[in-house]
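Below is one structure; the comments refer to it alone.
Every heavy atom of this structure was used, including side-chain atoms; hydrogens, water molecules and symmetry mates were not.
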Amino acid sequence: MAYMSQENKKAIAPQIKAILKKYGMKGSISVRHHSTLVVTLKEGKLDIIKNHIKKNSHKWENDYNPTYMDVNLYWLDDGFDGEVRDFLKELKAAMNGEGSGGEQNFDKSDIMTDYFHVGWYNNIHVGRWDKPYVLTQKEAA
């Protein structure tokens, strides 16, 4: 059964904060329902939403302009490119406990037998429905 404790979050948090700082991002780290580690990106210099829309432009209408999104951690290579993809991959690795000295996440799931067994779940939110992501640095034209 997936389980994320506050102690494990505290062990993983310095690694996550270092990656956020490296890419000029601000966010919060929380635990939801004792099973999910959540990083909510509040502001930063990376335009994650625009990058996702440009990479997947064939799937979006031209006037679609969201102010928040949830990142699908299983499709980082297909959903993002460039520096944004690199940032999200490093953030996902840190959220899995790699290099933190704490517990490391695992995935022993077998979808063929409908058996799901992970250390904990991860979610990355870019903004929130009631508080949009703030881009702190505009791209040069």
Side-chain angles (χ1 to χ4, degrees), residues 1-112 114-141:
M1 180 176 198
Y3 180 71
M4 171 53 72
S5 66
Q6 290 293 330
E7 292 78 22
N8 195 27
K9 180 192 94 169
K10 288 176 187 173
I12 293 172
Q15 184 75 11
I16 293 172
K17 289 177 184 178
I19 291 168
L20 293 175
K21 185 176 181 181
K22 174 181 173 182
Y23 286 93
M25 305 293 285
K26 290 185 181 178
S28 63
I29 307 166
S30 60
V31 174
R32 185 175 60 222
H33 304 299
H34 305 286
S35 66
T36 308
L37 181 64
V38 180
V39 173
T40 302
L41 302 172
K42 297 178 180 187
E43 66 179 63
K45 66 177 190 138
L46 297 176
D47 197 345
I48 298 169
I49 297 171
K50 184 176 179 182
N51 182 284
H52 182 66
I53 291 172
K54 284 173 88 175
K55 175 83 173 172
N56 299 287
S57 62
H58 62 283
K59 298 178 184 175
W60 305 101
E61 296 178 21
N62 292 339
D63 62 346
Y64 187 68
N65 189 19
T67 58
Y68 70 97
M69 70 178 284
D70 291 339
V71 175
N72 185 338
L73 295 173
Y74 299 102
W75 294 92
L76 293 179
D77 287 325
D78 292 333
F80 303 93
D81 59 7
E83 188 179 14
V84 172
R85 180 185 58 222
D86 297 340
F87 163 68
L88 291 172
K89 282 184 159 186
E90 286 185 42
L91 183 58
K92 179 183 174 184
M95 290 174 73
N96 282 326
E98 296 174 18
S100 68
E103 280 185 56
Q104 291 221 345
N105 202 358
F106 61 86
D107 187 355
K108 297 178 182 176
S109 301
D110 180 12
I111 60 172
M112 295 300 289
D114 200 26
Y115 175 74
F116 299 96
H117 182 54
V118 296
W120 61 83
Y121 299 104
N122 292 320
N123 286 131
I124 299 175
H125 302 298
V126 181
R128 293 171 34 126
W129 68 272
D130 60 343
K131 193 165 185 183
Y133 177 74
V134 176
L135 184 62
T136 58
Q137 177 178 337
K138 297 287 183 187
E139 292 181 18

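- For the residue pair S35 and A2, the shortest heavy atom distance occurs at CB-O, 3.8 Å.
- The number of heavy-atom neighbours closer than 6.0 Å to NZ of K131, taken from other residues, nucleotides and ligands shown, is 12 or below.
- Side chain of N72 to backbone of Y74: a donor-acceptor contact under 3.5 angstrom is found.
- The local environment of NZ in K9 is crowded, with over 12 non-hydrogen atoms from other residues, nucleotides or ligands closer than 6.0 Å.
- F106 and H117 have tilted rings, their planes meeting at an angle from 30° to 60° on a 0 to 90° scale.
- Here the CG-CZ distance, from D70 to R128, works out to 11.0 Å after rounding to the nearest 0.5 Å.
- Taking the side chain as every heavy atom from C-beta outward, F116 and D107 never approach each other to under 4.5 Å.
- When atom types are taken as modelled, the side chain of W129 and the backbone of M69 share no donor-acceptor pair closer than 3.5 angstrom.
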Kindly determine whether S28 and K42 satisfy side-chain contact (heavy atoms from CB on, under 4.5 Å), including the steps that lead there.
CA-CA 8 Å; S28 63; K42 297 178 180 187; 3.7 Å; yes
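- Side-chain contact check for W120 and N122: at least one donor-acceptor pair (N or O, by modelled atom type) lies under 3.5 Å.
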Should L46 and N51 be marked as a side-chain contact (heavy atoms from CB on, under 4.5 Å) after you check the CA-CA gap, both sets of side-chain angles, and the distance that decides it?
CA-CA 9 Å; L46 297 176; N51 182 284; over 6 Å; no
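- The heavy-atom pair separating S5 from V31 by the smallest distance is O-CG2, 4.3 Å.
- Applying the side-chain contact (heavy atoms from CB on, under 4.5 Å) test between L37 and each of N123, I16, I124, N105 identifies I16 as the sole match.
- Heavy atoms only, all atoms of each residue included: L20 and G27 are closest at CD1-N, 4.2 Å.
- Taking the centre of each ring, F87 and Y23 come in below the 6.0 Å mark.
- One finds the OG1 atom of T40 at 13.0 Å from the OH atom of Y68 (value rounded to the nearest 0.5 Å).
- A salt bridge links K89 to D77: at least one charged side-chain nitrogen sits closer than 4.0 Å to a carboxylate oxygen.
- Note that OG1 of T67 is 6.5 Å distant from CD1 of I49, once rounded to the nearest 0.5 Å.
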Taking it one step at a time, do H125 and V39 satisfy side-chain contact (heavy atoms from CB on, under 4.5 Å)?
CA-CA 6 Å; H125 302 298; V39 173; over 6 Å; no
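- Expressed to the nearest 0.5 Å, how far CG of N8 lies from CD of Q104 amounts to 10.0 Å.
- Within the 4.5 Å cutoff, the side chain of I48 has heavy atoms near those of the M25 side chain.
- Considering only residues two or more places apart in sequence or on other chains, F80 meets the ring pair (Phe, Tyr, Trp, His ring centres under 6.0 Å) condition with H52.
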Walk me through whether L41 and Y133 qualify under side-chain contact (heavy atoms from CB on, under 4.5 Å).
CA-CA 7 Å; L41 302 172; Y133 177 74; 4.3 Å; yes
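- In this structure, T136 OG1 and K26 NZ are separated by 8.0 Å, a value rounded to the nearest 0.5 Å.
- Of all non-hydrogen atoms in A94 and Q15, the two that sit nearest each other are CB-CG, 3.6 Å.
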